[in-house]
Amino acid sequence: MHVTSEQHHDDGVLARDFSLGDIPGTLWTPRSTPAPLILMAHNNGLPRTDARLVARARYTAAVHGYAVASVDGPGSGDRPRPAAVEQAGADLRRAMQAGEPVDELLESLVGPLVDAAVPDWTATVDALLRLPEIDGPVGYTGWAALGIRLAVADPRIAALGLFAGGHVPRAQREEAREVAVPLLLLLQWDDEGNPRQRALDLFDAFGSTEKTLHANRGGHLGTPAFELEDTCRFLDRHLR
């Protein structure tokens, strides 16, 4: 793991960009360490530099004292997308413009992104847990499909805060039955691109004995600001 830059913010958060082989990432750490680790991922390959993710990461580190990490998986940020994923994305855009069904195209786009991203995030956890300023356990927030696969594949994931705002492939909907860690699922009731019933069915499928659904009116980008604080309180209950 090689640190490529660092920046001290007025809120006491230290932001460090790093590279782990060909994986670019950012680690935000609070004033007081060691701290538990939160993995924070945006839906379907958006970059770690997305302003919403950065704001959530800094708040989580500064106010709640977590170390927060995000990486650019294959196809996000400056990393090239696999050729099959690039073609699936082009087919999806064409189908959406033509008003055609898109479920199978989403399967062919999102599924490979999840498969490619999991090894990167697992390697990142391996590296970060060796740092003296980080002390487990590990939580995860954000992209639902990736979070489900990580929780099944990596026993170090101790809590999940997921956003039901992106396509969850059939494979991950089945894997949700194997998830046993505490879960908070956020749902935008009027999300135009994600069928409400499918999100409710996903929540029902999770095998977790402790799971909570937060549903708010509004579209995909309308999640109320207070949900960030609620997610942090959820993490506090299970990671402290």
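Please read all numbers here as calculations on a predicted model, not as lab measurements. Both backbone and side-chain heavy atoms feed into the values below; hydrogens, waters and symmetry mates do not.
Side-chain contact check for Thr33 versus Ile134: every heavy-atom pair is 4.5 Å or farther apart. Between Glu229 and His64, the closest side-chain pair of non-hydrogen atoms falls below 4.5 Å.
The side chain to side chain donor-acceptor pair (under 3.5 Å) test applied to Arg198 returns Asp103, not counting sequence neighbours. With sequence neighbours excluded, no residue forms a salt bridge (Lys or Arg N to Asp or Glu O under 4.0 Å) with Asp91. Residues forming a salt bridge (Lys or Arg N to Asp or Glu O under 4.0 Å) with Arg173 (at least two apart in sequence, or on another chain): none. Legend: residues meeting side chain to side chain donor-acceptor pair (under 3.5 Å) with Glu133, ordered by chain and number and at least two apart, are Arg16.
A donor-acceptor pair under 3.5 Å links the side-chain atoms of Ser208 to the main chain of Val181, judged by distance alone. In this structure a side-chain-to-backbone donor-acceptor pair under 3.5 Å is missing from Lys211 to Leu185. Between the side chain of Glu6 and the backbone N or O of Ala15 there is no donor-acceptor pair closer than 3.5 Å. The backbone N or O of Arg170 sits less than 3.5 Å from a side-chain atom of Glu107, completing a donor-acceptor pair.
Across all non-hydrogen atoms, the minimal contact from Arg79 to Pro24 is CD-CD, 3.5 Å. Heavy-atom minimum distance, Trp121 versus Ala69: CZ3-O, 3.9 Å. Residues Ala159 and His238 approach most closely at CB-CB, 4.1 Å, considering heavy atoms. The shortest heavy-atom contact between Pro169 and Ala145 is CD-CB, 3.7 Å. Residue Ala67 comes nearest to Pro30 through the heavy atom pair N-CD, 4.0 Å, listed as atom of the first residue, atom of the second, then distance. Here the closest non-hydrogen pair linking Cys232 and Thr60 is SG-OG1, 3.8 Å.
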Could you go through Val114 and Ile148, starting from their C-alpha distance and side-chain angles, then the distance that decides it, and tell me whether this counts as side chain to side chain contact (heavy atoms under 4.5 Å, CB included)?
CA-CA 10 Å; Val114 172; Ile148 292 168; over 6 Å; no

Asn194/His167 under side chain to side chain donor-acceptor pair (under 3.5 Å): CA gap, chis, key distance, verdict:
CA-CA 7 Å; Asn194 297 283; His167 181 78; over 6 Å; no

Set out, in order, the CA-CA distance, both residues' side-chain angles and the distance that settles salt bridge (Lys or Arg N to Asp or Glu O under 4.0 Å) for Asp72 and Arg48, then state yes or no.
CA-CA 6 Å; Asp72 285 336; Arg48 74 187 195 283; 2.7 Å; yes

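Membership of the apolar cluster around Ile38 extends to Val13, Trp28, Met40, Leu53, Val54, Tyr66, Val68, Phe163, Leu184, Leu186, Phe234, Leu235, Leu239, as traced through chained side-chain contacts below 4.5 Å between ILVMFWY residues. Chaining together hydrophobic side chains whose heavy atoms lie under 4.5 Å apart places Leu228 alongside Tyr59, Val63.
Hydrophobic clustering, with ILVMFWY side chains joined whenever heavy atoms are under 4.5 angstrom apart, keeps Leu14 apart from Leu129. There is a path of hydrophobic side-chain contacts, each under 4.5 Å, that joins Val102 to Leu202.
Using a 3.5 Å distance cut-off with no hydrogens or angles, the side chains of Thr4 and Asp17 do not pair a donor with an acceptor. Side-chain contact of His214 with Glu227: a donor-acceptor pair under 3.5 Å is present, judged by distance alone.
For Asp115 and Arg149, the salt-bridge test passes: some basic side-chain N is under 4.0 Å from an acidic carboxylate O. Taking a cutoff of 4.0 Å between a charged side-chain nitrogen and a carboxylate oxygen, Asp236 and Arg233 do not qualify as a salt bridge.
Summarising the local packing, CZ of Arg240 is surrounded by more than 12 heavy atoms from other residues, nucleotides or ligands at distances under 6.0 Å.
Atom CZ of residue Arg93 and atom CG of residue Leu105 lie 11.5 Å apart, to the nearest 0.5 angstrom.
Among Asp190, Asp191, Asp201, the single residue meeting the salt bridge (charged side-chain N to carboxylate O under 4.0 Å, His left out) criterion with Arg196 is Asp190.
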